[in-house]
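To keep things clear, I will list the structure first and then write my remarks on it.
Heavy-atom basis, side chains included; hydrogens, waters and symmetry copies ignored.
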Amino acid sequence: MEKFTQLLQPVADNLYISALVALIPIVFYLVTLAGLKVKGWLTGLLTLILAIVIACIFFKMPFHFAAFSTFQGMVYGAMPIGWIILTSVFLYKMTVKTGHFGIIRDSITSLTDDRRLQALIIAFSFGAFLEGAAGFGAPVAITASLLVGLGFRPLYAAGVCMIANTAPVAFGAVGAPVTAMDGLATYANGSPIAAAEIAAMIGRQLPLVSIFIPFYLVLIMAGFKKTLEVWPALLVSGGSFAIAQFVSSNYMGEQLPDILSSLVSLVSMVILLQFWKPKTTWRFADEKEVDENTEHPKHSLKEVLVAWSPFVVLTFVIFIWTMKSSKAFFKTIALNPKVPFIHNNIISSVSGKEIAAVFKLDLVGSIGTAILIAALISKFIIKISWKDAGATFVQTFKEVKIALLTICFVVGFAYIMNASGMSNTLGYALAATGGAFKILSPALGWIGVFITGSDTSANLLFAKLQQVTASQVGMDPLLAVAANASGGVVGKMISPQSIAVAAAAVGLVGRESDLLKFTVKHSFVLLIVVCAIIALQSTGVLGWMIPVHP
């Protein structure tokens, strides 16, 4: 069977020139979408075609290898990612169809009418909980839909939720990004770096970001003066999250930081709002002024519980779906057919080993299926007929079908970047920066998440490279591996995959360029923040924060 060996520096036998060529699809995507404002699906398709051309011509990948790698990515884009988006939006629309979302809205506004605080509660705290429980696009899809229902403009709802999603990504999906690195890298003495040790190191980096995110969110929305008005809420929201994130990641492992931190933050905010309110109620400039003395509609406890029940059921079902025993069972019934031609026939330019290529058609075990099950259970609680539920599902599919196609294109692009070796070339070019790598190591994770849309994938892609490079430049290997995950979290808000998901959730299909322009500058700002933290930890100023290890 024909094999393809990835080339690390195929252009002019020069690593940096090869990296510049590998950058072409990424630059093309950013310029076409944000600069030329081409529709998301067309940008995704054109970027995919360009990546295939570069993979075949410059990286010497046989066309049929490129074609089947792309097809593998597009299938993954549809299942599980597209499936999660479809079911998430469907669940939300069921609550709207039955009028229960109005009660949800009233229950939130009874806590606060202030858009700043609503963003903290929904986008930051509740979004982090969903990230910890589910991941894979569900948090932004659900929280952005909720904010739109509350009255946020779609662009702001999606953008705010994507930026808020920074804090929990490294421990998302019950710690999957950290678990993926377990034993992947080693210390200087050859002993493997355990997931629990990586979690502890990340837990000494990200809390510094997490405590900053609420302030940054409100600053984006309302400006500095209006941000200072709600400093108690910012301190409680971000501070409680950061403390819980540090404690749980350092003493409980990688599975629980998001879930515990988000719940602590959410409960703390609810308690705070019983005793404190901002002096003024802030709304967007184009919203009508609301009399602060206006009484909110009263609903009984039963009505509120029924209205929130779809999301309570969702939490319960996802908890069951992500249990170790459930995951083990789902693996036994999952369909994982080999991808023709390319399974074990691509040789990695980094490890020199064969790369497995299978279709992950785990329909039952998918988080999307868990969301659908939650929606069907909720049907009986919120009392929607089968006819109306079916009509809502069809309507949801019609609304997101273009977005689903966009997701397939951009995930196909990610797969061709990885399979052709372009991602490895970019990673090694950054790693070759010498001593500057101590500052730039988070950028490697940032690039990985931008390309793949997943911190888990970025960690699998670059964790070993981080460790090897760290040993060459005198950087602590544990710090470097953790920096990959911490840097990756700020790349998710501009990943083509994430942009497509968020746009689908709030009805911005065709306006992905606006969303990218909203998030891209914030991604760079937060990347600089993470790089500064890693630099201080690697140069000794904050070196005391690194856990004792072999």
Side-chain angles (χ1 to χ4, degrees), residues 166-172 175 177-182 184-188 192-210 212-213 242 245-246 249-250 254 257 423 426-452 454-492 523-547 549:
T166 298
V169 163
F171 296 108
V178 181
T179 302
M181 293 190 286
D182 186 36
L184 201 60
T186 59
Y187 291 112
I193 302 177
E197 295 171 307
I198 300 171
M201 186 67 252
I202 295 172
R204 298 169 187 228
Q205 295 167 349
L206 281 187
L208 299 175
V209 178
S210 299
F212 175 66
I213 290 295
Q245 190 177 50
F246 167 77
S249 61
N250 275 266
E254 75 272 20
S423 296
L426 287 170
Y428 266 79
L430 183 61
T433 54
F437 186 75
K438 293 181 179 181
I439 300 173
L440 297 176
S441 59
L444 193 55
W446 181 86
I447 291 172
V449 174
F450 173 84
I451 294 172
T452 65
S454 163
D455 204 27
T456 302
S457 298
N459 290 341
L460 288 170
L461 195 61
F462 291 139
K464 183 64 179 178
L465 175 59
Q466 290 272 12
Q467 174 248 307
V468 171
T469 306
S471 66
Q472 295 172 352
V473 302
M475 183 179 181
D476 190 291
L478 176 61
L479 176 61
V481 171
N484 198 78
S486 296
V489 301
V490 298
K492 190 154 187 174
S523 180
F524 281 113
V525 168
L526 292 172
L527 176 61
I528 291 171
V529 171
V530 175
C531 285
I533 293 170
I534 303 305
L536 292 172
Q537 290 181 332
S538 64
T539 55
V541 177
L542 296 179
W544 54 269
M545 296 180 69
I546 302 174
H549 60 74

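Note that CZ of Phe171 and CG of Leu206 are 6.5 Å apart. Values are rounded to the nearest 0.5 Å. A distance of 6.0 Å separates CD1 of Ile447 from CG of Leu426, quoted to the nearest 0.5 Å. In this structure, CG on Leu465 lies 11.5 Å from OG on Ser423, to the nearest 0.5 angstrom. Between Thr469 atom OG1 and Leu430 atom CG the span is 8.5 Å, to the nearest 0.5 Å. Taking CG of Asn484 as the reference point, atom CG of Leu479 lies at 11.5 Å (rounded to 0.5 Å). Summarising the geometry, atom CD1 belonging to Ile439 is positioned 9.0 Å from atom CG belonging to Leu536; distances are rounded to the nearest 0.5 Å.
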Q) Can you list the steps and then say if Leu526 with Ile213 is a side-chain contact (heavy atoms from CB on, under 4.5 Å)? A) CA-CA 9 Å; Leu526 292 172; Ile213 290 295; 4.0 Å; yes
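Residue Met181 comes nearest to Ala463 through the heavy atom pair SD-CB, 3.8 Å, listed as atom of the first residue, atom of the second, then distance. Here the closest non-hydrogen pair linking Leu444 and Gly427 is CD1-CA, 3.2 Å. Counting all heavy atoms, side chain and backbone alike, Pro477 lies closest to Tyr187 at CG-CD2, 4.1 Å. Among all heavy-atom pairs drawn from Pro547 and Met201, the shortest one is CD-SD, 3.5 Å. Smallest separation of non-hydrogen atoms from Val169 and Pro177: O-CG, 3.6 Å. Between Pro207 and Ala242, the shortest heavy-atom contact is O-CB, 3.5 Å.
Side chain of Ser457 to main chain of Ser454: no donor-acceptor pair is present (N/O by atom type, distance under 3.5 Å, no hydrogens or angles). A side-chain donor-acceptor contact under 3.5 Å links Gln466 to the backbone of Ser441.
Between Glu254 and Ile198, every side-chain heavy-atom pair lies at or beyond the 4.5 Å cut-off. Side-chain contact between Gln467 and Thr186 is present, with heavy atoms from C-beta onward closer than 4.5 Å. Counting only heavy atoms from C-beta outward, the side chains of Val209 and Ile533 approach each other to under 4.5 Å. Considering only heavy atoms from C-beta on, Gln472 stays 4.5 Å or farther from Phe437 through its side chain. Counting only heavy atoms from C-beta outward, the side chains of Lys492 and Asp455 never approach each other to under 4.5 Å. With a 4.5 Å cut-off on side-chain heavy atoms, Asp182 and Glu197 do not count as touching.
For Gln205, the side chain to side chain donor-acceptor pair (under 3.5 Å) criterion is met by Ser486, Gln537, not counting sequence neighbours. For the side-chain contact (heavy atoms from CB on, under 4.5 Å) test, no residue two or more places apart in sequence or in another chain qualifies with Ala188.
Checked against the 6.0 Å centroid criterion, the rings of Phe524 and Trp446 qualify as a close aromatic pair.
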